[in-house]
There are 2 protein chains.
Amino acid sequence: MNDASSRSTYDASNYRTPDGAPSDIVIFTIVSKSKEQGKKALPARELQVLLIQRKSWPFEGCWALPGGFCHEDESMESCARRELLEETGVQDVHMEYFNVYSKPGRDPRGWMISHAFVALVEEQQLLGRKAADDAADVRLFPVEAALSMELAFDHSVILRDALGKVRENMLTTTIAKQFLPQEFAISELYQVIQTVVPDFQEQNFIRKITSTKSRKGIIEEVYDERGERKHSNRYSQRAAQLYAFTDYAPRLSIYS
Amino acid sequence: MNDASSRSTYDASNYRTPDGAPSDIVIFTIVSKSKEQGKKALPARELQVLLIQRKSWPFEGCWALPGGFCHEDESMESCARRELLEETGVQDVHMEYFNVYSKPGRDPRGWMISHAFVALVEEQQLLGRKAADDAADVRLFPVEAALSMELAFDHSVILRDALGKVRENMLTTTIAKQFLPQEFAISELYQVIQTVVPDFQEQNFIRKITSTKSRKGIIEEVYDERGERKHSNRYSQRAAQLYAFTDYAPRLSIYS
DNA sequence: GCAATAGTGTCTCTGAGACACTATGAG
DNA sequence: CTCATAGTGTCTCAGAGACACTATTGC
């Protein structure tokens with residue numbers, strides 16, 4: 001039966017339909033692990049992912065990605081945002097759709113076609129929620145740990161794909177801003193990139209990102225009310241110039 | 001109701017489920033429009049998209065993207081490949097998933113969550129099929145023309161998104177190879193890129209892509225059996241060096 | 001002064017960009 | 001010879017990469 005004939009005789013009741021269209025959300029955050037309070041130093045940072053522990057069949061007791069079923073009156077994106085809000089209390093965050101997971105048999109409950117999103121959330125936003133909700137079944141895990149766990153459904157695969165996507169986007173887009181305050185020091189930016197993409201290394205990072213003509217425009221120096229360049233010594237003795245992302249998004253090309 | 005409680009009481013029959021999970025496939029091809037047969041010149045090329053004309057409700061008579069409903073025993077990707085084969089006779093082509101379309105009301109038949117793929121097909125592969133199938137309801141349209149048509153459902157949006165995706169990928173990945181023979185001249189590659197991304201312009205294209213160290217490895221010269229560099233004068237008086245894509249895929253970064 | 005991070009000087013080599021030039025070969 | 005396309009010479013300037021050096025400031 002080809003498409004034309006199937007459509008010409010279309011009647012929904014003729015067909016087996018999916019049993020649900022869930023969204024699964026991979027929520028990444030970067031947590032700062034400041035070693036000693038007295039010391040003024042860049043805190044060590046770690047990429048973590050939020051997982052929930054399932055309370056019921058299937059995969060009872062297993063850790064899984066948060067998510068939930070799409071309603072008839074919402075789009076997948078709305079669904080994901082709703083679930084994100086319900087499960088973490090977080091809204092207005094960077095979220096993007098990245099893949100569909102539809103392998104037959106991936107969900108014992110039936111024919112479920114799952115839609116995976118990546119959300120990038122500041123640590124702060126999650127901490128508030130986690131304090132309020134003392135259920136032990138939602139927790140942040142270091143990504144490496146989560147990757148080696150056996151998650152429910154095909155969530156290990158989804159997590160791996162999501163991590164790949166975020167690593168790619170970290171280098172090709174300006175999503176680093178999702179993990180940074182509005183105004184930040186170059187060293188913070190560098191550290192965020194390295195936290196997500198461990199093998200990222202640029203020896204002359206400052207120069208490239210500031211004094212380069214081609215790159216110029218991704219970030220810009222921040223000035224205070226008096227027109228002076230704004231500095232901060234949050235993380236260092238010598239105060240560092242603060243920068244902010246601009247709206248400029250360079251267009252990359254392998255053909256340059 | 002939050003996710004945990006909904007799962008703890010899970011029963012498929014409690015929920016309204018989607019009425020279908022179709023795939024829609026945006027099939028791009030580049031057609032060569034050789035002006036005069038006598039002349040040895042690069043043929044003009046044009047990016048075209050394959051559309052079908054619907055025979056039945058809804059959107060009867062409207063042009064639409066090919067596609068069809070997913071079966072319970074296949075993944076979305078399999079579904080798209082099956083539909084592509086059924087509707088165009090084409091298989092083993094480059095195809096990638098790029099987005100989900102789930103806005104409520106997008107399909108008058110019900111709650112349909114559609115999954116959009118882009119396929120890149122060589123002109124040849126489509127021509128054979130189109131000759132065999134003389135139904136007047138499948139045709140190639142120049143992209144610009146298709147963009148200004150009123151397509152069925154939200155297919156105009158899908159087409160626009162697909163074009164954006166292909167343009168991005170044309171510059172950031174080596175998908176150009178999907179439109180080229182195994183061995184090709186630099187001018188062909190350049191022309192393919194320009195066909196898909198009209199404002200792409202590199203004055204010293206040859207040098208950049210060949211003699212550059214950083215770029216070195218995307219393509220390589222082709223040698224014949226005797227170890228001589230292979231040339232072709234298909235498109236020019238002076239024979240041009242032939243190249244082939246390698247497996248190398250450079251990693252792009254805005255932080256370089 | 002020391003420690004710790006911010007930021008610069010300087011040198012070399014490669015590549016981008018521009019543009020004129022030479023090379024090849026069919027008609 | 002002419003023409004169209006392939007490909008090179010050459011010059012300038014910007015940027016990468018490396019590494020040592022100076023700057024700032026809390027303690």
Side-chain angles (χ1 to χ4, degrees), chain A residues 32 34-45 171 183-192 194 200-219 221-222 228-243 250-256, chain B residues 32 34-45 171 183-192 194 200-219 221-222 228-243 250-256:
Chain A
S32 306
S34 34
K35 312 245 171 178
E36 299 155 52
Q37 294 204 332
K39 264 186 138 176
K40 228 180 205 183
L42 270 165
R45 295 183 197 224
L171 294 180
E183 307 179 348
F184 54 88
I186 301 279
S187 60
E188 290 181 277
L189 170 58
Y190 188 62
Q191 200 200 28
V192 163
Q194 280 205 319
F200 177 80
Q201 250 217 3
E202 290 294 332
Q203 33 289 87
N204 287 358
F205 187 66
I206 278 196
R207 307 184 99 125
K208 286 184 135 165
I209 200 141
T210 56
S211 63
T212 306
K213 236 184 203 164
S214 59
R215 235 71 64 186
K216 189 174 1 194
I218 296 179
I219 61 172
E221 295 155 345
V222 177
E228 307 275 309
R229 310 215 294 188
K230 232 170 144 180
H231 292 256
S232 158
N233 62 348
R234 257 176 298 182
Y235 301 130
S236 56
Q237 314 290 36
R238 175 171 176 178
Q241 172 68 48
L242 292 179
Y243 289 85
R251 175 165 129 183
L252 295 172
S253 165
I254 60 172
Y255 305 112
S256 198
Chain B
S32 306
S34 34
K35 312 246 170 174
E36 299 154 53
Q37 295 203 331
K39 264 186 136 174
K40 227 181 203 180
L42 272 165
R45 296 183 197 224
L171 294 180
E183 307 178 348
F184 54 88
I186 301 278
S187 60
E188 291 181 277
L189 170 58
Y190 188 61
Q191 200 199 28
V192 163
Q194 281 205 317
F200 177 80
Q201 250 215 3
E202 290 295 331
Q203 36 288 88
N204 288 359
F205 187 66
I206 279 194
R207 305 184 100 124
K208 286 184 135 166
I209 199 141
T210 56
S211 63
T212 305
K213 235 185 202 162
S214 61
R215 236 71 66 187
K216 187 170 11 190
I218 295 179
I219 62 172
E221 295 155 348
V222 176
E228 307 274 308
R229 308 215 295 187
K230 233 168 142 183
H231 292 256
S232 158
N233 62 347
R234 258 176 296 183
Y235 301 129
S236 56
Q237 314 290 36
R238 175 172 176 178
Q241 172 68 48
L242 291 180
Y243 289 84
R251 174 165 130 182
L252 296 171
S253 165
I254 59 173
Y255 304 112
S256 200

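Both backbone and side-chain heavy atoms feed into the values below; hydrogens, waters and symmetry mates do not. Order of the sequence lines fixes the chain letters, A, B, ..., with proteins taken first and strands second; residue numbering starts at 1 for each chain.
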Whole angstrom value for the distance that separates P of C:dA16 from CD1 of A:Ile254: 14 Å
Ring geometry between B:Phe205 and B:Tyr190 (parallel below 30°, tilted from 30 to 60°, perpendicular above 60°): tilted
A:Gln237 side chain near D:dT24 phosphate (N/O to OP1/OP2, under 4.0 Å): no
Length of the line joining A:Asn233:CG and C:dA3:C1', which is rounded to integer Å: 15 Å
Nucleotide nearest B:Ala240 (side chain, heavy atoms from C-beta), chosen from C:dG7, D:dG7, C:dG17: D:dG7
Would you tabulate the nitrogen or oxygen pairs shorter than 3.5 Å linking the protein to nucleotides 19-23 of chain D?
from, atom 1, to, atom 2, distance (Å)
D:dA23, N3, A:Arg238, NH1, 2.8

Atom-to-atom span, CD of A:Glu188 to P of C:dT5 - whole angstrom: 13 Å
side-chain N/O B:Gln203 vs C:dA18 OP1/OP2, d < 4.0 Å: yes
Candidate nucleotides C:dA26, D:dG17, C:dA6, ranked by approach to the side chain of A:Ser236 - the nearest: C:dA6
Interatomic distance, A:Phe184 atom CZ to A:Gln191 atom CD [nearest 0.5 angstrom]: 13.0 Å
Sugar-phosphate only, base, or nothing, as touched by A:Ala185 at under 4.0 Å among non-hydrogen atoms: nothing
By side-chain contact (heavy atoms from CB on, under 4.5 Å) - contacts of A:Arg238 (at least two apart): none
Sidechain N-carboxylate O distance under 4.0 Å for B:Glu183, B:Arg234: no
Separation between CD of A:Gln194 and CD of A:Gln201, rounded to the nearest 0.5 Å: 6.0 Å
Those residues that, when tested against B:Gln203, pass side-chain hydrogen bond (donor to acceptor under 3.5 Å, both in side chains) (two or more places apart): none
